Enquirer: 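Could you have a look at this structure, given as structure tokens, before my questions?
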Protein chains: 2
Amino acid sequence: MSTIKDVAKAAQVSVSTASRALNDNPRISAATIAKVKQVAAVLDYRPSGPAKTLSKGEASVVGVIFPVTDEHAPANPFQLDIIRGANTELVAKNYVLATAICQDEASLLKNVQAMVEQSQIHNFLVLYTKADDPVTAYLREKAQNFVIIGHPSQPGDRYLNNDNQLAGQKATRHLLIEEGVRQPLLVCSGHHWAYEADRQAGYQAALAAQGGTALSYDLQKDEPAAFFAAHPSVDGIIAVDDISLLSFYNQLQTVTWPKQLPAICFNRSRLLSLASPAVIKVDMMPRQLGAKAINLLFDKHRTHQLVGFRIVSANEK
Amino acid sequence: MSTIKDVAKAAQVSVSTASRALNDNPRISAATIAKVKQVAAVLDYRPSGPAKTLSKGEASVVGVIFPVTDEHAPANPFQLDIIRGANTELVAKNYVLATAICQDEASLLKNVQAMVEQSQIHNFLVLYTKADDPVTAYLREKAQNFVIIGHPSQPGDRYLNNDNQLAGQKATRHLLIEEGVRQPLLVCSGHHWAYEADRQAGYQAALAAQGGTALSYDLQKDEPAAFFAAHPSVDGIIAVDDISLLSFYNQLQTVTWPKQLPAICFNRSRLLSLASPAVIKVDMMPRQLGAKAINLLFDKHRTHQLVGFRIVSANEK
DNA sequence: CTGTTAGCGCATTCAG
DNA sequence: CTGAATGCGCTAACAG
């Protein structure tokens with residue numbers, strides 16, 4: 001590997017001039033910049049990350065923090081798609097993506113502390129939201145640059161989110177208008193996650209606009225037989241996510257109930273498509289989410305951003 | 001952050017002695033080592049990763065290379081569990097996990113090249129196997145240390161794998177003996193992946209031992225109605241993975257066929273558990289896979305290792 | 001606009 | 001057994 005020294009020599013300038021030229025320092029003449037870059041290209045020069053980190057005090061690395069997995073937050077392919085989108089942006093910037101992914105909160109915190117204090121990583125993407133989270137508390141305390149993907153947890157936090165409220169509204173409207181549903185039932189996980197509440201708010205808004213009444217089924221509390229006896233008018237399903245829909249179908253197996261009702265569901269995982277291809281999906285576009293999160297992370301003027309979604313008809317792909 | 005200089009000063013030794021003491025250099029007296037380490041602990045000293053990398057020429061980082069996703073290889077929660085297991089080991093070693101995850105092969109190769117040449121990352125975990133893969137070809141050419149998780153692709157490669165052949169055998173036996181199945185049907189993806197072939201070999205071996213006959217259904221080629229007309233004796237299902245099982249159930253919806261046959265399936269994803277809780281699963285223990293892969297990666301004497309699995313009854317968890 | 005010098009934190013020669 | 005000096009590759013303060 002050729003170093004900046006080799007480049008400087010070949011371009012007949014000093015090392016510092018070469019460094020400045022390569023970094024587009026305005027104090028260097030256009031001619032010199034061109035020459036240095038040209039030579040660098042010929043020599044196939046690649047700047048050393050560790051050396052840069054050592055002298056600047058900040059690594060060209062973005063840390064991605066995954067939630068600790070448990071029965072309520074299973075390992076999720078959605079997250080992989082997010083980081084795929086994020087890394088695409090990072091590769092272009094010559095950045096590296098490091099992951100903090102652990103089994104328990106204590107090790108996760110240690111992992112992140114090590115990243116900050118030993119690896120000089122000062123930019124993070126946080127893939128979850130959680131009240132009283134020691135990890136984000138640490139990031140705030142140490143004034144690290146981070147963006148949360150999901151609902152913001154604290155007032156000052158920067159975040160990027162799907163427009164879940166709008167998605168809930170559009171999905172409900174789709175069911176009512178395109179599918180002719182009269183009484184859609186909202187299936188909730190019962191975990192009261194933020195995105196769930198947002199989608200629910202959209203659902204309620206759409207129904208209110210059409211003069212319908214909201215009705216929801218709580219997977220933790222409701223009992224299918226009793227519920228459907230009490231609400232025979234239900235003729236469509238809207239589920240807050242793929243997992244909830246499959247749980248719901250599973251509960252339904254114990255009662256006689258027409259499983260063929262039109263259904264719409266957030267997220268668009270492959271397993272779901274295979275298990276229930278007839279369902280309409282709302283694609284939350286995880287890759288785009290990841291890519292935009294990186295842009296937001298490096299644009300410190302902006303505090304937050306909402307990203308789009310796409311309703312995917314049942315037979316599509 | 002305190003540096004090695006601070007430690008040296010506080011311990012009243014030179015920087016070089018401090019460095020050696022912290023690295024358990026045998027040329028340093030036990031007393032000095034103890035004193036230096038003691039002081040380091042008090043000062044909460046953490047060695048700087050970038051500085052170490054710069055002087056040693058090798059980063060304390062393991063790169064994990066994900067397969068490029070397409071319709072045949074969807075983003076998979078199994079992979080997330082693997083890296084969770086791997087990172088648990090890495091955090092203990094004060095290593096960082098970096099991920100190469102891209103949309104296409106060309107960028108993936110660039111990503112990995114950048115890791116090697118710019119970030120001095122020389123240890124990798126490869127999460128896939130593929131013939132004529134430019135990425136692993138590059139790793140071999142540059143003599144990087146890497147371990148493949150899955151079936152080895154080239155003779156010299158080091159790898160770590162589930163014992164898929166044994167798992168296929170045990171799963172088939174389980175179906176025959178515990179569930180009293182006479183004619184189990186093997187459901188294959190039709191993609192001819194290595195792990196699939198291994199599981200199939202185990203299936204055949206188990207049947208041969210019991211005097212049964214092998215029968216398989218190819219999701220790409222077979223047509224359900226015709227197939228089942230020709231093979232009415234099928235009374236149990238063994239699927240090569242979770243996705244294949246759900247695909248199979250989906251194809252089955254078009255024909256009248258008792259879906260309630262006993263079934264066993266490799267992998268144990270949450271969506272599957274929700275979609276088909278009655279299925280028996282073979283847990284391939286991805287976290288353990290990840291953890292052992294790290295151990296193998298750093299134990300250069302060993303070339304490969306097979307890891308276990310666990311048959312999980314339908315109602316369990 | 002460009003060159004000289006110093007320093008980031010650590011490992012490692014080379015001396016002693 | 002330990003210390004002083006050097007260098008890893010790069011950026012930045014200081015000079016001109």
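Since we're looking at a predicted model, the values are computed, not measured. Every chain is numbered from 1, with letters handed out A, B, ... down the list of sequences.
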Enquirer: Taking only residues two or more places apart in sequence or in another chain, which ones pass ring-ring contact (aromatic ring centres under 6.0 Å, His included) with B:Y128?
Expert: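 Expected list: none.
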
Enquirer: I need a per-nucleotide contact map over nucleotides 11-16 of chain C, read 5' to 3'. Cutoff is protein heavy atoms under 4.0 Å; write B for the base, S for backbone only, - otherwise.
Expert: BBBB--

Enquirer: Look at the rings of B:F298 and B:Y95 and say which category their plane angle falls in: under 30° parallel, 30 to 60° tilted, over 60° perpendicular.
Expert: perpendicular

Enquirer: Show every salt bridge (charged side-chain N to carboxylate O under 4.0 Å, His left out) that has at least one partner inside residues 87-103 of chain B, sequence neighbours left out.
Expert: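 Found none.
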
Enquirer: Does NZ belonging to A:K130 count more than 12 external heavy atoms closer than 6.0 Å?
Expert: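 Yes, because the 6.0 Å sphere around NZ of A:K130 holds more than 12 heavy atoms from other groups.
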
Enquirer: Could you pick out which residue, B:P26 or A:R46, lies toward the 5' side of DNA chain D when each is mapped onto its nearest nucleotide?
Expert: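 Nearer the 5' end of the strand: B:P26.
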
Enquirer: Could I get the full list of side chain to side chain contact (heavy atoms under 4.5 Å, CB included) partners for B:K142, not counting sequence neighbours?
Expert: B:E117, B:Y138, B:Q144

Enquirer: Name each donor-acceptor pair under 3.5 Å that joins a side chain in residues 283-293 of chain B to protein atoms two or more places apart or in another chain, with its distance.
Expert:
{"from": "B:D283", "atom 1": "OD1", "to": "B:M285", "atom 2": "N", "distance (Å)": "2.7"}
{"from": "B:D283", "atom 1": "OD2", "to": "B:R268", "atom 2": "NH1", "distance (Å)": "2.8"}
{"from": "B:R287", "atom 1": "NE", "to": "B:D81", "atom 2": "OD1", "distance (Å)": "3.4"}
{"from": "B:R287", "atom 1": "NH1", "to": "A:Q103", "atom 2": "OE1", "distance (Å)": "2.4"}

Enquirer: Would you please name every residue forming a ring-ring contact (aromatic ring centres under 6.0 Å, His included) with A:F78, sequence neighbours left out?
Expert: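 If we apply the ring-ring contact (aromatic ring centres under 6.0 Å, His included) test to A:F78, skipping adjacent residues, there are no hits.
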
Enquirer: For B:F146, what residues pass the ring-ring contact (aromatic ring centres under 6.0 Å, His included) criterion, not counting sequence neighbours?
Expert: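 Not a single residue meets the ring-ring contact (aromatic ring centres under 6.0 Å, His included) criterion with B:F146.
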
Enquirer: Atom CD of A:Q118 and atom C1' of C:dC10: how far apart are they, to the nearest Å?
Expert: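 My rounded result for the distance is 13 Å.
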
Enquirer: Suppose the criterion is side-chain hydrogen bond (donor to acceptor under 3.5 Å, both in side chains): which pairs have a residue in residues 25-34 of chain A, not counting sequence neighbours?
Expert: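 Every pair satisfying side-chain hydrogen bond (donor to acceptor under 3.5 Å, both in side chains) with a residue in residues 25-34 of chain A: A:S29-A:T32.
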
Enquirer: Taking atom CG of A:D132 as the centre, report whether more than 12 heavy atoms of other residues, nucleotides or ligands fall under 6.0 Å from it.
Expert: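 For A:D132, atom CG is not crowded (no more than 12 foreign heavy atoms under 6.0 Å).
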
Enquirer: Does B:S153 have any side chain to side chain contact (heavy atoms under 4.5 Å, CB included) partners at least two apart in sequence or in another chain, and if so, which?
Expert: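 Once residues adjacent in sequence are excluded, the partners of B:S153 under the side chain to side chain contact (heavy atoms under 4.5 Å, CB included) criterion are B:T129, B:R140, B:I148, B:D157.
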
Enquirer: Whole angstroms only, please: what is the CG-C1' distance between B:D6 and C:dC8?
Expert: 13 Å

Enquirer: At what distance, to the nearest 0.5 angstrom, does CG of A:N111 lie from CZ of A:F66?
Expert: 11.5 Å

Enquirer: Do other residues, nucleotides or ligands put more than 12 heavy atoms under 6.0 Å from A:K35 NZ?
Expert: yes

Enquirer: Between which nucleotides of DNA chain D, read 5' to 3', does contact with chain A run, using atoms under 4.0 Å from its heavy atoms?
Expert: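 Footprint of chain A along DNA chain D, 5' to 3': D:dG9 to D:dC14.
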
Enquirer: Which angle, to the nearest 10 degrees, lies between the helix axes at the two ends of the helix from C:dC1-D:dG16 to C:dG16-D:dC1, each defined by five pairs?
Expert: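 Answer for the end axes of this duplex: 40°.
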
Enquirer: Using a strict heavy-atom distance below 4.0 Å, which residues from residues 29-42 of chain A are in contact with DNA chain C?
Expert: A:S29, A:T32

